[in-house]
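Index from 1, following the sequence. Just so you know, ligand 1 is whichever comes first in the structure, and atom 1 is the first atom listed for that ligand. This is a predicted model, so every value here is computed, not measured.
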Amino acid sequence: MFSAKLLVQALLATAVLAIPNSKERLATRTARRQGKPANLISAAKVTTNEFAVQEELSSNWAGAILIADTATYVSVTGTFTVPNVLTDNDNVMECAAAWVGIDGSTGCEGAILQTGIDFCVASDEKTQSFDAWYEFFPADVNFFDGFPLSVGDSITATATVFTPTSGSLTLINNSKDVTMSVNVTSSTASLCQTNAEWIIEDYTSDPELPNWGTVTFTDAFATTLSGAQVTPGDGDATLIDIELFSPDFEEDEVMTQSSVDGNTVAVKYAPALGGF
Ligand SMILES: *[C@@H]1O[C@H](CO)[C@@H](O)[C@H](O)[C@H]1NC(C)=O
Ligand SMILES: *[C@@H]1O[C@H](CO)[C@@H](O)[C@H](O)[C@H]1NC(C)=O
């Protein structure tokens, strides 16, 4: 299976956006989690449910990306609901993240200014856990300690660029009017301001993804250097979906279905072959 995964990554490398694997971030975040479980794979039940493949596929990102040729984006924001995250698997903890960010995709893989939440579910479908975080990749993730997160909460995430090496990251829990904001600087990253994105990320190194239903970013827009607001729809954002190798089917499986409508980005958990 290990070699199969490598093969898939090699195959994907020709077809997907060059998005940093974020192994450093993964190691850091997963290291903070209790007992990341073994990679147990449950038998998938459905072999159909094909749907149109989106413009881009990634091993770790799904959602929408505004892409500009030159420095354009100053901030990105979106509001989403903390998902009631489920799993069919036993003896695993499955995690994904919802976030907004600047850069990290086409032509600017070396820096990402981003903030959002991790959502995880343990095997019994009862134990859910959430973390609020911010990150100026390639620096390690930091957590907004004490930020309240519960299923159904409305969360607004915003990343704002001050200079290519500095910015602010803000999370708001609209339900309880809790705001946490931080200013960050980087000595290693330099933002290009050519991407603004709304993303669900498979940030673990395991192939399992939790079932988050659909996470919908609303009131989504980016601001530009000229002071304009651009929505994902107006900006003709590029859709991206996660494709992973299914050990059960011994082939790649598209795991998500992303869509854009005006100022809304929806990312549905929609495994083409039945999930893991
Ligand atoms: C936001 O914080 C509250 C309180 O902490 C928490 O109960 C809720 O689940 C979170 N969302 C909202 C509403 O706060
Ligand atoms: C971040 O920097 C801005 C601009 O200098 C400032 O207005 C704001 O108060 C700072 N925020 C924090 C949390 O330090």
Connected-component partners of F221 among ILVMFWY, side-chain separation under 4.5 Å: none
Minimal non-hydrogen separation, Y134 against L169, with atom names: CB-CD1, 3.5 Å
Under 3.5 Å side-chain donor-acceptor pair for S258 and D241: yes
Show me the short polar-atom pairs for ligand 2: any N or O of it lying under 3.5 Å from a protein N or O, with distances only.
from     : atom 1 : to   : atom 2 : distance (Å)
ligand 2 : 2 (O)  : N183 : ND2    : 2.3
ligand 2 : 11 (N) : N183 : ND2    : 3.0
ligand 2 : 14 (O) : N183 : ND2    : 3.3

Verdict with reasoning, F217 to F80, per ring pair (Phe, Tyr, Trp, His ring centres under 6.0 Å): CA-CA 5 Å; F217 295 89; F80 59 93; 5.4 Å; yes
Donor-acceptor pair, side chain of T77 and main chain of A157, under 3.5 angstrom: yes
Crowding at CG, D236 (>12 non-hydrogen neighbours, <6.0 Å): no
